[in-house]
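Some notes on the structure that comes next.
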Amino acid sequence: MSNARRPAPLVDIAGLTISFPNDRGVQHAVARNVSFTISPGECVAIVGESGSGKSVTARALLNLVGGNARIEAERFLINGADARAFNASQWRRVRGGFAGLVMQDALTSLDPLRTIGKEVAEAAQIHGLARGAAALHTLATATLARVGVPDPEERARQYAQQLSGGLRQRALIAAAIAGQPRLIIADEPTTALDASVQAQVLSVLRQRRDEGAGLLLISHDLAVVAGIADRAMVMRDGVVLDSGPTQEVLNAPRHPWTRRLIAASPSASTHGYRLTRPVTAGGANLDAREPLPPRAAPDLARPVLEAHNLRKHYRTTAGGVFTALDGVSFTVNAGEVLGLVGESGSGKSTCAKIALGLLEPDDGEIHLLGAHWTGMKERARKHLRRKMQYIPQDPLSSFDPRHTVTDIIGENLRAFSGMSRRERVMDLLALVGLDVHYASRRPGQLSGGQRQRIAIARALAADPAIIICDEPVSALDVSIQAQVIDLLADLQAQTGVALLFITHDLGLVQHAADRVIILKDGRVVEQGDARAIFRNPSHSYTAELVAALPRLGFGLITSS
Amino acid sequence: MTEMSSRLSGPASHTVTARSVWPKPINTLINALINFLTRPRRLAPLLACAWMILIAGFAFAPHWFTAYDPLEGDVLASLAAPDAEHFLGTDKLGRDVFARIVYGARFSLGVGLGAVAISVAFGVLLGLIAGQRQRVLDEGFSRLFDVVSAYPGVLLAMLLITFLGGSLVNVAIAVGIAGIPKFGRVVRAQTKAVQDADYVVQASIYGRSRFSAFLVHVVPNVLTVVPVVATISVGTAILTTSGLSFLGLGPQPPTPEWGLMLAESRDYLRTAWWTGVLPGIAITLTVIAFAVLGGSLQRHIEGRAP
Amino acid sequence: MYARSNSTDRSGHHKLSEQLTARRLMLLAGIAGAGMSLLAAQPAAANETPRSGGTLTFGVTTEPVCFDPHRSVQQNSYIIIRNYVDSLVAKNADGRFLPWLAKSFQKSADGKTYDFILRDDVVFHDGEKFDAAAVKTNFDHARDAKNAVPAGELLQSIEQIEAVAPHHLRLHLQQPDTALLESIASVRLGLLSPKALQAGAQLCGGGPALAGTGPFRFAGYTRGQSVALERNAAYNWGPGYAKHNGPAYLEKATIRFLPEYSVRAGALSSGQIDVIEGVQPTDVGQFKDQPGFQFLTGPSGAQTAFTLNINNTIEPATDVRVRQALRDGADIEALVKSVYRGTVRRAWSNIGPDNPLYNKALEGSWGLNVAKANQLLDEAGWTGRDAQGYRTKDGKRLGIEVGYPQPFVRDSRDVLIQGVQAQLRKNLGFDLKLRIITGGEWGQQLREGTWTIYPNTYLPADPVRELEGNIGRTGFIRAVSDKGDKELFGHIESALRATTADDKLKHVHAAQKRAVDQAVIVPLFAASYQLAARDKVRGLSFEAQLDSPSNLYDVWVAP
Amino acid sequence: MTSTRAMITKRIAPRLLTGLLVAWGAVTAAFIGMHALPGRVEDILAGDMSWPGLREAIAQEWGLDQSVWSQYVGFIWRIAQGDFGTSYVMRQPVADVIGPQIWPTVHLALSAGILAVVLAVLAATLTAGRGRIARAAASLIELACVSAPVFWIGLLLLLAFSFTLRWFPVSGADGWRALVLPAVTLALPTAGLLAQVLREAMEKALVQPFVVTTRARGIGETLLRLRHVLRHAALPAVTLGGWLVGGLLGGAVITEKVFGRPGLGTVTLNAVLSQDAPVVLAVVMLAALIHVLASTALDVAYVFIDPRLKVQ
C-alpha cells in the first residue's frame, strides 16, 4: 500500500444526503452531506454506532438503500461515471460486478436453502463470468480456496448452517468477490465472531486489499478499524464528525464524540475507572478519567458460590456425545467479581445454567452460601433463590412481553404488597438511572440499554448475595455498554454483591473482574488475577487469545 | 441496527435523484393523501369497524332499521323487484329482503360466534394440555386433532349435522367441532414456544413454581394468539354455514340466516337477483371485515410483543 | 278427456284382437296424442314427417339412486327407466289399457285369473328371448320376499304364475284385484332379461347389464353426471299408444343430471341441452310462448296431489277442530298461484284431478275461512297467546311439526309449506314448524308412528292403492292404526274389495270426502311434470301411468 | 443423498404408522356416529316397503342381527382385507360405487390446486413488497375470493361465462372446456388464501439479510423472487398444504353439485343424506387416507425445500 501511486478513485462521492419519508410523508435524513473517495488498494472505514447512518451510506454505493429512500448528491461517481443517471440495469452491473457486499452474520446473509457453491457462483453467473453447472462449480471452489476455505469441493456442496462461523463468513466473502469486483463493501463483517475467528476473517479482507481491491469497512469496533483501515470516518446521527488517516483520527480525535467513543472501550488500563464521562475539551487523557467509587475488598473467607468438579454431557442428534463441561471448579467469594472467559462453545453458558439451578449437572455439585444447591428439589431451594440473581445477555426474551416494567421488577418483590411494592420499584428504577415513567412501559417499548437496566433492577430487587451476569453488554453499542458497565460497577460497590461475570470480551473482563477463569472446550485452562493472567499467559491458549485480540495500538490507550 | 433494518430492505426500484419534482408542501400533501388512501392498514380496519358496528346494530336492535317482519310477507307480492316500498325487493314468500338481512345478522353472527366459541373453548383447553411436556398427552391430543381434521371441514360438518339434525344450534356445534383442531394446533404450538421462552424457563430464579409460571406467564401469552385466529374464524364459520345451507344441511327455514337466504335464492339467480346478491354481499363483507380485523389485531399484538 | 269411468274395469273386459293392425295402433296413438295436446302446447305440426337419427340431451333434476325398475322407488327415476324397459300392457291417457308386450289380455269372470298372450318377436337387449317363462321369472323374482324387491308389493294379490305356453302367461289371484292391470302396466314391473335378473341388487347400478326390451338400451352411466342411451335397432313392439312403429327416431340420447334449477334453465336457454324437466315457476316465462322454445305441462292423475298427511293420533292433531283449522287457515289457492305462477292447479283431494276416480264434488267444499278456523281453535281451548303471538293452551304452544325427509324435498314444495306456515302464523297464531329430516329418521318415525305431518306425493296410479298407501290402515299410520279413523279405513277397504266399478267409485269418493272432512289430509296442489325444450324437439309427451314425461321413443329432432 | 433412506425411516415410516392410527380413529368415529343416528338401518333399507318377514330378511341379509360390537369387528376385518361392503341404497359394492368417482374428483381438485398455486404465486410474486395501490387491490380481490361462498362464485361464473357469453359448457366432464369453470370456482378461494400467505411470507423473506446480499450480486428482481424468495415463502405455504387439500376436497363436494359433475362429492352428499353407512364410512376412510398421504407428501416436500431439516 503506497501513497505514491494514486490511481483514479473507484468511488468519488460528495455531498451525499439520504432521506426517508416518515409516516406523515415528511423526509427525514439519515445521512447528511457525506463525502469520501475510495481508491484501489485502499481501505476506508466508517465507524459509528447503531443509527449513525454508516450502513445506509455504504449501501448507497450499490443503490440498495430501500424502497422509498431519496438519495441526493453533489457528486456521485462510480468508476468515473455519474451514478445519479444510472438506470436499473446499470445498477445491476455495479452490484456484484464492480462492488461486492459482505455483511454481518453469514448464517442469514447466505440463502440458507441453497448450497454454498451455488451462492458463491451466483454473482459470476449473473455477470456472465462462467456458464454451465460445471464451470460455475469450478469457479465456486476456486473462489472458496482463495479465501482460505479448506476442502472447498466438500464445502461447496454444504449449506451455510453446516459450516462453522469462521468458514461461513469466509464463504460470504467468497460470494462477494466471485464476480471479481474492484470494490468490497464489508458491513460489520466480524461482529459476533470470536476473537480468533475475527482475526482470520480480517486477514482475508486485508489480503484482498493488498491485491488491489478497494475496501469500504463498516464497523462499530475501533480496534478492528485500527488494524486494517487506511482512512477512517466517524459518523453519528448521519453526520461525519471526524475523518482522515486512521492513525490521526484515533490518536488525535478532533471531535469530543470520537474521544468518548475511544474512552468507552474497556481494557486492563481502565480498571477502576469509569468508561463514561471522560475528559472535557482539553484533550483525551488517562488522568482525566473519573475513578469508580471505592469498594470493599472481596472477603476470601466467605465463599458465596462454590462449584466442584462440574460435568455435563449432551447427546448429539448424530448419536455422539458432546462434552459441555469437564470437571470445572470455581469459587466466587463475597464481594468478588469473578470473570468467566471463553469463546463460543467453551461451556460458559452451561456453567451459568447449572449455577442458576436451571440445569442439573451430570456430576459435581454446587454450594450456595454453604448450602447444598444442586440435586435439590425446587421446593427446598426456594428460600435461597433470592440470594442468587441473574442478568441475561438478552433481557428482552427474559421479560414476559405482556408485563410492564413494574410487573417485571415486581416479580422479585412479591413479598411486598400494593403501595410499598410500587415504591420499591420506583426506588430501584431511580437506582438504575431510569425515570419513573418507565414503570408502565412494556419491554417492546424499551431500548437495549434500558432493558439491561431493568434486568439489573430486577436482580437487585431480591437483595442477592451474587448476580450471574451472562454476557450482559455484548449486544449493546459501545457507548451504551460503557454506561451499563459503569452502573454495574457503581451498584456492586454500593451493595457489595458478588458477580460471576461471563464474557468473551478480554478487554471487558480485564476492566471489570478481580479474578478470571479461562474456559476452553469445557475445561478450565487457566485462572488467576484478571490483568496479570493476560500480561503473562502461562497457557498457550491464553496466549493465542491475547494475540488474536485487535487493539487500538496507539499511544492514547494501551492494552498492555 | 434494528431500527434501520426495516427501511434498508425492500426492492431496489428507486432512483437516485438530484432533487424532487414537486414543490415541498404539495409533495407532502399528496404523499399524505396517498398514504391514507392506499395504506390498507389504516383505511381497511376503519371500514371494517364501521361495517361491524352496523351489523352489530342489526343484530341488537333490528327494529331500528326496518319496520318489516322478517318472517311475514305477502305471498301474493313475492319476488317483487326493489321499489319504494321494499327497497331491496321481496323474496319468494313476499318477505322484505332488507328486513331479512337486518334480522339475519343476529343469526349469522350467532352461528359464527357460537361455532368459534366452541372451537376456542375446546381447542384452547386441549391445546394447552397437548403443549405440556408430557409426551403421551401430546401424542394423544395431536392424533385426535389429526383424526378430526382428516375429514375435510365441510364433510365433517355434514356428518355431524346428519347426526345432530339441521338447526341453527346444531350447525354452530358442527362447525365449531370442525374448528377445534385449528385452535388446538395453534395453541399447542404456541404453548410449546412460550414454555421454551426464557421468561418461563428462568421463572424459577424469581421463585416461581412451574405451575405458577404456567398460570402467570404461559396461559396469558398463549392466549394472545387466540383472538386473531378466532376473529378470522368467525367469518369462515359463516361461510361454512352457507355452504351447508346450499347442501340442504344448514339452519332450517324460515330462519333469516344469510347463508340460508343465499342458498335459497340461487333458484332465482336469473329472475330475481336481488334475493341473493344482497345476502351474498352481506356475507362477503362480513367475512372480509372479520379477516381485516383479525389481521390488524395480529399486527397490533405482534407490534406490542415482538 | 279424463272421463269419470272405471277404466280399469272396462279394459279388463275389453278383449283386444290379436290381429290388431298397425293402423289401429296409429289411431290409438292419435287419440293419446290429442289427449295430451290439451295440456301440452306441443308445436308439432301434424303434417311433418318425423326424421330418424340424431341425438338429444335431456336435463333432469334427479339422479336415480337405483336404475332397476323393480327396486327403484323414486318417481323421477322412471323418466329414465322407461326408455329401456317395456311392460306387458300400456295405460292410455283415457285410462284404458292397451297392448304392449302382450298382444292381448283377458280377465276371468270371477276376476281371479288373467290371461296374457305375448308377442313372439320380442328380444331382450342381451339377446335373451322374451317369452312367458321370462315374465314368470320377473314376477316371481319380484314377489319373493327374500329378494326384498319393492315392486313386489304390486303383486301381493297373486297366488301363482303359470306359463301356459311359450307365449301364454296366466296369473292366478288369491282374490280379485281391481288394480292388477294398473300394476302390470307400471314401469315398476317392467320386464328385464332373466339373465340380467341373476345380478340381483347389483342391477341398481345400471349399465348394459340392465337389459330390458325397451326402445333404447342402457349404454352407460357416469355417476354424478349422465346416462347414455342407444337406439335399440330391433325394436318393433311399441306400446298401444305410441305414434309410430319400428325403432326409435333418435340414435342416441343423453340424460344429464343437473340438480340446480338455474343451471338447468341456463343450459337450455343457452342451447347446450335440448329438453329439461323441472322448471322453476319463475323461469317458465323464459320458455313458454317464447320463440325457439316450447313448454309442456303434464297430467296430474297417476300421482296423488302434494298433500299434508296429518297423524291424527298425536296431540294436538287428535282434535278434529285443530286439524280443520289447519286446513282452512291458509289461502292455499293464492299460495299455490303465487309460488307456482299458475303452472299447477290447487288440489281439493289427494287424488289427482286427472284421475278418473277423482272426487270433483270436493272442489270448493273446504278452504280458506280464517274466522271459522279461529272460532274452531277458540272452541278447542287454544285461547292463550304467547310472546310471539302463537296460540297456547295450558301454557303449551299450538304447534305441529312438518317432518320433510330431505331426499324428497324438491320443486319449491318446501317453499309452499313455508307459505302455509307464514299464513297460519299470521291468520291463526298456529305454529306449523317445518323440519327437514333424514330418510332414516322418517323411517324410524314411520315404524314407531311418531311422525306428525308428512308431506308427500305418491304414485301407484290406482287411486285405491293411493288411498290405502297414504291414509289407509296400512298407510303411514300403520304403527298406530288402532287409533286411526275407522270410518276412513272402512271406505278404503271396501273400495279394495269392490267387484263392480260403481261400487269402487262410490267408496273411493267417500274415502276422499271423509279424509278431507276429517282433515287428516290437507291437499295442496296437483303435482304435474313440466317440460321445457327447444322448439325443434318433436313428439314430447307424458305417460298416463306415471304422469311423468314419456320415454323418448316418439321423440325426434326437426332439422 | 445419503440421508434419503434416513428420511424414509425417520420421517415417512412413523407418519404412515400414525396415519393408519388416524384412519382407524376416523373410521371408528364415523362407525359410531352412523350407528347412533336416528332410524335403524332396517328402516333405511326397508324404505316404504312393509310386509311380514321383510325386516327380518333384511336384517339377516345385511348382518344387522349381530351385536354392534361384532358388526364393528367384522367391518374392520373386512376393511383390512380391502372389502368395503355393499351400499345400502345403491345395492352395489361400495368399491364399485366409489372407485370410478375418485379420478373425477382428484382431477378436479388437482386442476384447481395447480391453478390456485399458479394464481397465488403470480399474485404474490407480482405484488409482494411493491406499490401500495397494487397490493391493496390484490389484497381486496383475494379477500373477496376467500370470503364469497363457493357455490355462489360457481353460479355467478356460470351465469357470466356459460349462459351469457357461452364460452364454456354448463356441465359435463368431457374435455378441458368443461373443466375450466369448476376448476376456477374451486381454485379461487384457495388461491386467495394462498396468495395472502405467500405474499406475507415473501415480504418476510424480502427483508431477510440474504436478500440484500443477493441483490448486491446484481440479480434481477424477477430472478431474485423466483430463485430465492419464493422458496422461502413456500415453507409456510407448504405448512398450509394439508389444510388446502382438505379445503379442496370439501369444496369439491359443493362444486360438483353446482356443475353437475361426477365425483366423490355427489356420492358423499347422497350417501350422507340417505344414511348409506357403508358408503359414508368408505368415504371417510378415503378422506383419512388422502389426508395421511398428503401430509406425508408435504412432510417430504418440506425437507426438499428446506435442506436445514435434512441436516439436523
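So that the names make sense, note that chain A is the first sequence line, chain B the second, and so on, each numbered from 1.
Neither the backbone nor the side chain of A:L107 comes within less than 4.5 Å of any heavy atom of chain D. Contact of A:I126 with chain D is made through the side chain alone, with heavy-atom distances under 4.5 Å. Using a 4.5 Å cut-off between heavy atoms, A:Q125 contacts chain D through its side chain alone, with no backbone atom that close. For A:A176, no part lies under 4.5 angstrom from a heavy atom of chain D.
A donor-acceptor contact shorter than 3.5 Å is absent between the side chain of A:H127 and the backbone of A:F98.
For the residue pair A:Q158 and A:R155, a side-chain donor N or O sits within less than 3.5 Å of a side-chain acceptor on the partner.
Chain D forms the most heavy-atom pairs under 4.5 Å with one residue out of A:P112, A:G100, A:G179, and that residue is A:P112. For the set A:I185, A:T108, A:D111, A:L101, the count of heavy-atom pairs under 4.5 angstrom toward chain D peaks at A:D111.
We find that A:D187 and A:R59 are joined by a salt bridge, their nearest charged nitrogen and carboxylate oxygen being less than 4.0 Å apart. For A:E122 and A:K118, the salt-bridge test fails: no basic side-chain N is under 4.0 Å from an acidic carboxylate O.
The one candidate from A:I46, A:L217, A:L216 that meets the side chain to side chain contact (heavy atoms under 4.5 Å, CB included) condition with A:K54 is A:I46.
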